[in-house]
Amino acid sequence: MSARVRAPRGPRRARGFSLIELMVVIIIIGVVAALAVPTMAAARIDRNAYDDAGSIMQLLRSARTHAVARGGAVLVAMTFNGMADRGTFQMFEAVGVNPGNQGGLARAPIGTCKAPVNWVPLAGNPQAVLVDGLNLNGTVENDFNIQTQLVPYTAGGAQAAVTQAYICFTPLGRTYYSDTGGPVFDGLQPMVTPLEFRVQRMNGNAPVGTIRSVLLPPHGMARVFAHVP
């Protein structure tokens with residue numbers, strides 16, 4: 001009896017996905033994407049608040065560095081008022097006045113926040129040269145209602161937020177603060193407690209999400225930290 005010879009098999013055909021399986025995968029991807037969109041949007045808004053806090057920190061550090069490098073007092077004037085003013089900062093350098101109030105930006109710096117410097121008024125003052133500024137009333141802040149508050153601290157803890165304040169850095173590293181009576185530092189002692197700039201997204205009067213804060217200690221080296229309401 002002759003042996004039976006089996007015919008060789010051809011290559012196995014690869015099995016593809018069915019239409020139902022593809023539809024299930026597409027639905028799962030769509031659900032996951034829909035769940036991720038709110039988280040991504042919130043993260044983007046938090047990033048905008050973090051950028052604003054970083055800009056405040058950089059301005060304060062720049063003011064301190066400018067005072068030490070130039071040997072002249074540097075004033076930072078600030079205003080805050082909820083949605084009406086989300087945070088406005090102006091940085092001025094104290095300079096000497098030449099005869100006839102002439103001289104422009106080449107005038108010599110003055111190394112004190114107090115007399116003989118007269119900061120009042122800041123607008124058009126020949127002793128106060130505008131160096132830099134920061135305006136947080138942009139489109140992003142308006143769209144997402146990002147506001148900045150300044151909270152001073154005393155030995156008893158955090159105080160009520162203020163709507164206007166002034167910080168002055170000296171070449172010797174001292175920091176002066178005033179939120180009453182305008183930019184007048186005569187008779188004041190250097191800061192001994194910190195200031196906190198809170199940058200936060202608001203829903204009415206309540207903060208939403210993570211608060212980005214800039215802490216300014218008495219030595220003037222600002223830093224950013226995050227916390228929840």
Side-chain angles (χ1 to χ4, degrees), residues 46 48-82 85-94 111-114 117 119 122 128 130-137 141 146-201 207 210-229:
D46 281 344
N48 292 328
Y50 178 80
D51 290 343
D52 284 351
S55 297
I56 295 172
M57 180 192 71
Q58 290 298 332
L59 181 73
L60 294 173
R61 288 193 172 189
S62 175
R64 183 181 185 275
T65 301
H66 192 95
V68 174
R70 287 271 295 165
V74 174
L75 172 75
V76 180
M78 306 160 290
T79 55
F80 320 88
N81 189 16
D85 185 354
R86 302 176 187 276
T88 304
F89 300 76
Q90 289 184 303
M91 185 171 79
F92 299 88
E93 181 184 36
T112 178
C113 296
K114 304 179 181 182
V117 177
W119 298 104
L122 285 172
L130 181 63
V131 178
D132 200 356
L134 174 64
N135 191 330
L136 299 180
N137 293 282
E141 290 79 13
I146 298 174
Q147 302 178 20
T148 302
Q149 293 181 334
L150 173 56
V151 179
Y153 282 74
T154 65
Q159 305 299 300
V162 300
T163 59
Q164 188 172 19
Y166 305 90
I167 300 171
C168 190
F169 300 93
T170 72
L172 298 179
R174 297 188 180 95
T175 306
Y176 292 88
Y177 170 78
S178 172
D179 57 25
T180 59
V184 179
F185 305 98
D186 294 340
L188 296 182
Q189 296 297 318
M191 281 174 46
V192 294
T193 53
L195 302 173
E196 181 185 352
F197 299 83
R198 296 177 182 172
V199 183
Q200 52 202 338
R201 183 163 57 100
T210 304
I211 299 175
R212 307 291 182 174
S213 287
V214 179
L215 188 70
L216 182 68
H219 58 63
M221 286 299 295
R223 63 182 181 87
V224 176
F225 70 99
H227 57 105
V228 295

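Here the shortest heavy-atom pairing between Asp179 and Pro152 reads OD2-CG, 4.2 Å. When all heavy atoms of Pro171 and Gly111 are compared, the pair lying nearest together is CD-O, 3.5 Å. Of all heavy-atom pairs between Ala63 and Val76, the closest is CB-CG2, 3.7 Å. Minimum interatomic distance between Ala158 and Val151 (heavy atoms only, all atoms of both residues): CB-CG1, 3.9 Å. Pairing each heavy atom of Leu195 with each of Tyr177, the nearest pair is CD1-CD1, 3.5 Å. The two atoms that bring Met57 and Ala222 nearest to each other are CG-O, 3.6 Å, heavy atoms only.
Counting heavy atoms from C-beta on, the side chains of Ile167 and Met78 come closer than 4.5 Å. Between Thr170 and Thr112, the closest side-chain pair of non-hydrogen atoms is not below 4.5 Å. At least one side-chain heavy atom of Ile56 sits less than 4.5 Å from a side-chain heavy atom of Leu134. Put simply, the side chain of Gln149 reaches to within 4.5 Å of the side chain of Gln200, judged on heavy atoms. Side-chain contact between Pro194 and Leu216 is absent, with no heavy-atom pair separated by less than 4.5 Å. Here the side chains of Phe185 and Val117 are not in contact, with every heavy-atom distance at 4.5 Å or above. With contacts defined as side-chain heavy-atom distances shorter than 4.5 Å, the pair Phe197/Phe80 qualifies. The shortest distance between side-chain heavy atoms of Phe89 and Leu60 does not fall below 4.5 Å.
Remark: side-chain polar atoms of Ser55 are paired, donor with acceptor, to backbone N or O of Asp51 under 3.5 angstrom. The main-chain N or O of Gly182 is found under 3.5 Å from a side-chain atom of Ser178 such that the two form a donor-acceptor pair. At least one donor-acceptor pair closer than 3.5 Å links the side chain of Gln159 to the backbone N or O of Gly157. Using modelled atom types, no side-chain atom of Lys114 and backbone atom of Val184 make a donor-acceptor pair closer than 3.5 Å. Within the 3.5 Å criterion, the main-chain N or O of Arg86 finds a donor-acceptor partner in the side chain of Thr148.
Residues Thr163 and Asn81 bring no donor and acceptor atom of their side chains to less than 3.5 Å of each other. At a cut-off of 3.5 Å, with distance as the only test, a side-chain donor of Asn137 or Thr88 sits close to an acceptor on the other residue.
Taken to the nearest 0.5 Å, the OH atom of Tyr166 stands 14.0 Å off from the SG atom of Cys113. Rounding to the nearest 0.5 angstrom, the gap separating the OG1 atom in Thr175 from the CE atom in Met221 is 10.5 Å. Here CG of Leu75 is found 10.5 Å from CE of Met91. Values are rounded to the nearest 0.5 Å. The distance from atom OG1 of Thr210 to atom CZ of Arg201, rounded to the nearest 0.5 Å, is 9.5 Å.
Heavy atoms of other residues, nucleotides or ligands lying less than 6.0 angstrom from CZ of Arg61 number more than 12. For Tyr50, the OH atom counts as loosely surrounded, since its 6.0 Å shell holds 12 or fewer non-hydrogen atoms of other residues, nucleotides or ligands.
Qualifying side chain to side chain contact (heavy atoms under 4.5 Å, CB included) partners for Phe225, counting only residues two or more places apart in sequence or in other chains: Glu196, Ser213, Leu215, Arg223, His227. Every side chain to side chain contact (heavy atoms under 4.5 Å, CB included) that Ala128 has, sequence neighbours left out, goes to Phe92, Trp119, Leu122, Asn125.
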